[in-house]
Number of protein chains: 2
Amino acid sequence: MLKLTRKLEYALIALTHIQGQATEKIVSTKEIAETHRIPLQLLAKILQELAKHDILEAIQGAHGGYRLKKSLDEMNLTALIKILEGPIGIMDCSIDTNCVQLDICNIRKPISRVNDAIISMFDNLTLSEITGI
Amino acid sequence: MLKLTRKLEYALIALTHIQGQATEKIVSTKEIAETHRIPLQLLAKILQELAKHDILEAIQGAHGGYRLKKSLDEMNLTALIKILEGPIGIMDCSIDTNCVQLDICNIRKPISRVNDAIISMFDNLTLSEITGI
DNA sequence: ATTAAATACGACTAAAATAATCGGATATGC
DNA sequence: GCATATCCGATTATTTTAGTCGTATTTAAT
């Protein structure tokens with residue numbers, strides 16, 4: 001209930017880890033997974049996703065790995081969540097409209113306000129504020 | 001991901017519905033369930049839970065039902081969530097400490113700050129602001 | 001060239017959380 | 001006494017999330 005997913009958690013841990021290394025160092029998935037006890041395959045897929053969205057640069061082959069591609073203070077938490085999880089919606093009707101309630105619903109507007117407030121909060125939170133400047 | 005549960009949604013709908021009736025009117029679970037297309041049994045259990053925590057007053061027997069027991073502007077969203085779902089934690093480590101990460105974790109503090117910010121936001125949101133004054 | 005170490009990626013399975021149902025008990029107005 | 005409610009534990013179904021598997025591809029080092 002109101003939980004962020006492990007995927008997001010692992011992504012934040014990985015970004016923090018990479019940011020803690022020398023700028024040019026290429027960090028392998030294995031290094032991160034072992035340091036932080038994250039399932040390797042799962043982390044691999046997450047990092048691939050981040051690379052696909054130009055947050056990380058992937059270097060293939062032996063001695064390959066990842067480097068930061070984007071400065072973390074240029075991106076907010078909302079953006080990261082959208083990449084890994086899709087749109088933020090505290091209730092289903094915040095995202096789509098497939099709801100038996102629909103017109104009957106008496107809490108749609110207030111819920112939508114709460115949702116907006118959370119998104120706005122995440123909008124104003126850069127990743128570097130989470131990973132450490 | 002970051003979703004409130006149906007239980008909470010149904011509770012808010014029900015409270016809104018009850019608040020919309022004449023103060024002394026006793027509202028049955030059936031009336032609410034049918035109006036808002038909520039599974040009867042499920043709603044019943046939720047209202048029982050609210051009655052147990054003195055948010056609603058339960059009137060048993062034929063023509064029974066529920067009335068508001070507490071003014072909705074005396075209670076905030078955090079309280080309602082705690083009753084129906086337990087403590088708010090956007091990640092597991094926000095609640096308990098059974099985490100393989102623990103000392104290794106590099107994002108615990110910032111996550112905890114985000115969690116606190118959400119709780120504080122919900123603390124400042126009274127139920128009457130959701131259900132309508 | 002071959003091998004080892006790495007990313008890339010789709011398909012699948014497992015586990016956990018949530019949603020809903022069932023069956024019976026108790027209370028009460030008519 | 002019957003119809004209509006709340007009450008409540010146990011169970012099942014559904015959905016979401018987490019994790020695994022298998023295989024292909026890329027590249028450095030030997």
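Letters A, B, ... are given to chains in the order of the sequence lines, protein chains preceding strands, and every chain is numbered from 1.
Across the protein-nucleic acid pair, Y66(B) atom OH and dT28(C) atom P stand 14 Å apart, rounded to whole Å. Atom-to-atom, CG of L40(A) to C1' of dC9(C) comes out at 14 Å; the value is rounded to the nearest Å. Rounded to a whole Å, the CG atom of L84(B) is 13 Å from the C1' atom of dT18(C). Here the P atom of nucleotide dG10(C) and the CD1 atom of I46(A) are 16 Å apart, to the nearest Å. Rounded to an integer number of Å, the gap from E57(A) CD to dA6(C) P is 17 Å. Between R6(A) atom CZ and dA16(C) atom P the separation is 9 Å, expressed in whole Å. M1(A) places its CE atom 17 Å from the C1' atom of dA16(C), with the value rounded to the nearest Å.
Of the residues L125(B), I130(B), L50(B), the one that meets the side chain to side chain contact (heavy atoms under 4.5 Å, CB included) test with L80(B) is L50(B).
For DNA chain D, no neighbouring residue in residues 13-33 of chain A is found when judged by any heavy atom under 4.0 Å.
Taking the 5' to 3' direction, DNA chain D first and last meets chain B under 4.0 angstrom from a heavy atom at dT4(D) to dT17(D).
G64(A) comes within 4.0 angstrom of the backbone, heavy atoms only, and of no base. Within the 4.0 angstrom heavy-atom criterion, no nucleotide atom of any strand lies near K3(A). Using a 4.0 Å heavy-atom cutoff across all strands shown, L47(A) reaches no nucleic acid atom at all.
The OG atom of S120(A) lies 11.0 Å from the CG atom of N115(A); values are rounded to the nearest 0.5 Å. Atom NZ of K70(B) is separated from atom CD1 of I55(B) by 6.0 Å, given to the nearest 0.5 angstrom. For the atom pair E9(B) CD and L84(B) CG, the distance stands at 12.5 Å (nearest 0.5 Å).
The nucleotide whose nearest atom lies closest to any side-chain atom of A62(A) is, among dA27(C), dT7(C), dA5(C), dA5(C).
The two residues I18(B) and L68(B) make their nearest non-hydrogen contact at CG2-CG, 3.8 Å.
The closest donor-acceptor contact from the side chain of S112(A) to the backbone of R108(A) lies at 3.5 Å or more, if one exists at all.
Between T5(A) and Q41(A), the residue anchored closer to the 5' end of DNA chain D is T5(A), taking for each the nucleotide with the nearest heavy atom. Summary of the strand contacts: H63(A) and L42(B) both lie near DNA chain C, and taking for each the nucleotide with the nearest heavy atom, the more 5' one is attributed to H63(A).
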